[in-house]
There are 2 protein chains.
Amino acid sequence: MTTRRVNLNTESADNYLKAVFALGGPEEERVSSTALADRLGVAPASVTNMLQKLATSPVPFVEYESRRGVRLSAAGRRRALEILRHHRLLETFLYEVLGYPIEEVHDEAERLEHFISERFEERIDAKLGRPKFDPHGHCIPALSGKMSKQTSRPLSDIEEDGEFVVDSISDQDSVLLKRLNAHGVTPGARLHVLRLSQEEFVLRAGGRFKPLQLPLSGAGAVRIRPND
Amino acid sequence: MTTRRVNLNTESADNYLKAVFALGGPEEERVSSTALADRLGVAPASVTNMLQKLATSPVPFVEYESRRGVRLSAAGRRRALEILRHHRLLETFLYEVLGYPIEEVHDEAERLEHFISERFEERIDAKLGRPKFDPHGHCIPALSGKMSKQTSRPLSDIEEDGEFVVDSISDQDSVLLKRLNAHGVTPGARLHVLRLSQEEFVLRAGGRFKPLQLPLSGAGAVRIRPND
DNA sequence: CTAACTATTTAGGCATACCTAATTAAGTCC
DNA sequence: GGACTTAATTAGGTATGCCTAAATAGTTAG
Ligand SMILES: [Mn+2]
Ligand SMILES: [Mn+2]
Ligand SMILES: [Mn+2]
Ligand SMILES: [Mn+2]
């Protein structure tokens, strides 16, 4: 019984590795099959299947022990960061050069990230002047694969009311993103925050922006850092 | 036995339709399975299979009679032109905005043409100022699907020596394309042509360009029109 | 008119990437 | 420690898009 070698240079493998990276968090903790199934919108059985392939490839992309979740191997991490770099450079490019509305960049980048060449990556990076952050405030991994750790925290974590600077905004929910943008909640903006209750927040950005009331889930999409 | 409906919104279907369009020529003649197999680099059996799917879809993309070749239906033609528009806009964009070398635009466009959104198409079209021609001199189909017929002829067809204007250059062979470019054979260039024999041509572009000797196959890649 | 050749189609498989249903392993609770 | 509950895996199947080999149709040559 010869083990046939499978091809893992696929869009699907890219997406699994990105998901493991995202869900593992800064500590790169093990990620469960169900969490991946949830995030990727596939059945848990499909996840198990792909994880087994990713783990048993000649160059393994994940460390996987049955029923104990996965974490990325060095090769898997490299691959995830490569795709993440494509994604964030594309978002920046679509926003800056092509004038996309902020809430539309993510979906387009999500598709194209798998199909651009290294040349395309290099050319848009050059055109943009080697940007360090995407339009959501997320750090763009370097070509070398290096990426600085986040020091910000979710707005939903604050105990005290006060004034903060917007670090970054999640790109996952385009409706929320559009609303936040319309209220001036953009990376670098100064923000007055009132926590009405465990569940409700009121934000006001500087300038002529109207205040905005957000539920806990919405506040979780905004990351902040101290005001200067 | 219910006929299950197949999904034909795929990269593969795109490529078959483009190939039928290209091989059908200006008269849109029927195209044979082997010609398609050759062009697409797949087995003839694979072509038959796809043509049957394209022909029997609820909205047929081709007219197909067994062993008599195919031609595009109205819907198939629309789809082929849509992808061709993506392709040529992308080539123009890569060349003009991202500074790609001319011989590299085709392969990148060939992949991306299937994955860009209508928004992306619109934005690069706008950025480029609604161009009518790609960097190879090929006409970019309008959004409406209208495209003017070619009036040029292949350089390989000339009977007389003389002076001509370069209309367009095939993007299929990147090595040849690079060489032609280096010798000033670019769309709009004025060209002195000598036909040495049935098989050999000598071209010289205006300016400080060196003359270039080409075999019949190379001359077939250049289309010309009369000098004003 | 039939044999031979060539083009095309049919039949049967394989790989990727999904799915559902059934099974098994791991915790939790009494 | 056995009964529940939940997470995860295995088993078996589907769709796309390709393949090779075998069969067949159409065409040309004697
Ligand atoms: Mn994004
Ligand atoms: Mn993706
Ligand atoms: Mn091209
Ligand atoms: Mn293509």
Side-chain angles (χ1 to χ4, degrees), chain A residues 1-20 23-24 29-58 61-71 76 79 83 110-111 114-115, chain B residues 1-20 23-24 29-58 61-71 76 79 83 110-111 114-115:
Chain A
M1 207 273 299
T2 53
T3 314
R4 41 212 154 303
R5 57 173 125 334
V6 290
N7 174 19
L8 290 167
N9 293 317
T10 62
E11 181 179 358
S12 194
D14 284 354
N15 286 334
Y16 278 87
L17 294 172
K18 267 180 60 182
V20 175
L23 295 173
E29 287 153 28
R30 304 189 82 94
V31 176
S32 72
S33 296
T34 28
L36 286 164
D38 243 45
R39 171 140 183 142
L40 293 166
V42 300
S46 306
V47 173
T48 299
N49 193 260
M50 179 61 91
L51 293 183
Q52 290 173 345
K53 287 197 273 179
L54 290 169
T56 60
S57 119
F61 290 102
V62 296
E63 292 165 30
Y64 171 67
E65 287 173 89
S66 193
R67 286 165 215 274
R68 308 185 59 182
V70 276
R71 57 165 40 141
R79 173 90 167 276
I83 303 297
E110 191 70 34
R111 225 172 333 106
H114 310 290
F115 303 109
Chain B
M1 210 271 298
T2 53
T3 314
R4 42 212 148 305
R5 59 170 127 333
V6 290
N7 175 18
L8 290 167
N9 292 318
T10 64
E11 180 179 359
S12 194
D14 284 354
N15 286 333
Y16 278 87
L17 295 172
K18 265 179 60 180
V20 175
L23 295 173
E29 287 153 26
R30 304 189 83 93
V31 177
S32 74
S33 294
T34 26
L36 285 165
D38 245 45
R39 171 140 184 143
L40 293 167
V42 300
S46 306
V47 174
T48 300
N49 192 260
M50 180 61 91
L51 293 183
Q52 289 173 344
K53 286 197 273 177
L54 290 168
T56 59
S57 116
F61 290 101
V62 297
E63 293 164 31
Y64 171 67
E65 287 174 89
S66 193
R67 286 165 214 273
R68 307 186 59 182
V70 273
R71 57 165 38 141
R79 175 90 166 274
I83 303 297
E110 191 69 36
R111 223 173 334 107
H114 311 288
F115 304 110

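This is a predicted model, so every value here is computed, not measured. Chain A is the first sequence line, chain B the second, and so forth, proteins listed ahead of strands; every chain is numbered from 1.
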Using side-chain contact (heavy atoms from CB on, under 4.5 Å), reason through A:Leu51 and A:Ser33 one step at a time and then give a plain yes or no. CA-CA 9 Å; A:Leu51 293 183; A:Ser33 296; 4.1 Å; yes

Between C:dT9 (C1') and B:Leu51 (CG): distance, integer Å: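 Interatomic distance, CG of B:Leu51 to C1' of C:dT9: 11 Å.
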
Keeping to residues at least two apart or across chains, list the salt bridge (charged side-chain N to carboxylate O under 4.0 Å, His left out) pairs with something in residues 31-54 of chain A.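 Salt bridge (charged side-chain N to carboxylate O under 4.0 Å, His left out) check on residues 31-54 of chain A returns no pairs.
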
Going by number, which of residues 42-49 of chain B have a non-hydrogen atom under 4.0 Å from DNA chain C?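 The stretch gives B:Pro44, B:Ala45, B:Thr48 as the residues lying under 4.0 Å from the strand, ordered by number.
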
Tell me which residues in residues 6-15 of chain A put a heavy atom below 4.0 Å from DNA chain C, sorted by number, or none.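 Heavy-atom cutoff 4.0 Å gives A:Val6, A:Asn7, A:Thr10, A:Ser12.
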
Distance from A:Arg71 atom CZ to A:Leu23 atom CG, nearest 0.5 Å?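 That separation rounds to 14.0 Å.
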
Which parts of residues 63-71 of chain A get close to DNA chain D, meaning a heavy atom less than 4.0 angstrom away?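 Only A:Tyr64, A:Ser66, A:Arg67 qualify.
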
Results of side-chain contact (heavy atoms from CB on, under 4.5 Å) for [X] - residues two or more places apart only:
| X | result |
| --- | --- |
| B:Ala45 | none |
| B:Phe115 | A:Leu112, A:Phe115, B:Glu11 |
| B:Gln52 | B:Thr48, B:Tyr64 |
| B:Arg111 | A:Ser117, B:Glu108 |

With sequence neighbours excluded, what pairs up with A:Glu110 under the salt bridge (charged side-chain N to carboxylate O under 4.0 Å, His left out) test?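 By the salt bridge (charged side-chain N to carboxylate O under 4.0 Å, His left out) rule, A:Glu110 matches A:Lys18.
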
Who are the salt bridge (charged side-chain N to carboxylate O under 4.0 Å, His left out) partners of B:Arg30, not counting sequence neighbours?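 Scan of B:Arg30 (salt bridge (charged side-chain N to carboxylate O under 4.0 Å, His left out), adjacent residues dropped) gives B:Glu65.
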
Considering only heavy atoms of chain B and a distance under 4.0 Å, specify the first and last nucleotide of DNA chain D in 5' to 3' order that meet this criterion.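 Nucleotide range in contact with chain B: D:dA15 to D:dG26.
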
Non-hydrogen side-chain atoms of B:Tyr16 and B:Val42 separated by less than 4.5 Å: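 Contact flag for B:Tyr16/B:Val42 side chains = yes.
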
Given B:Leu54, which of B:Leu8, B:Asn49, B:Val70 fulfils the side-chain contact (heavy atoms from CB on, under 4.5 Å) condition?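 Answer after filtering B:Leu8, B:Asn49, B:Val70: B:Leu8.
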
Non-neighbouring partners of B:Asn15 that pass side chain to side chain donor-acceptor pair (under 3.5 Å), sequence neighbours left out: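 B:Asn15 satisfies side chain to side chain donor-acceptor pair (under 3.5 Å) with B:His114 once adjacent residues are dropped.
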
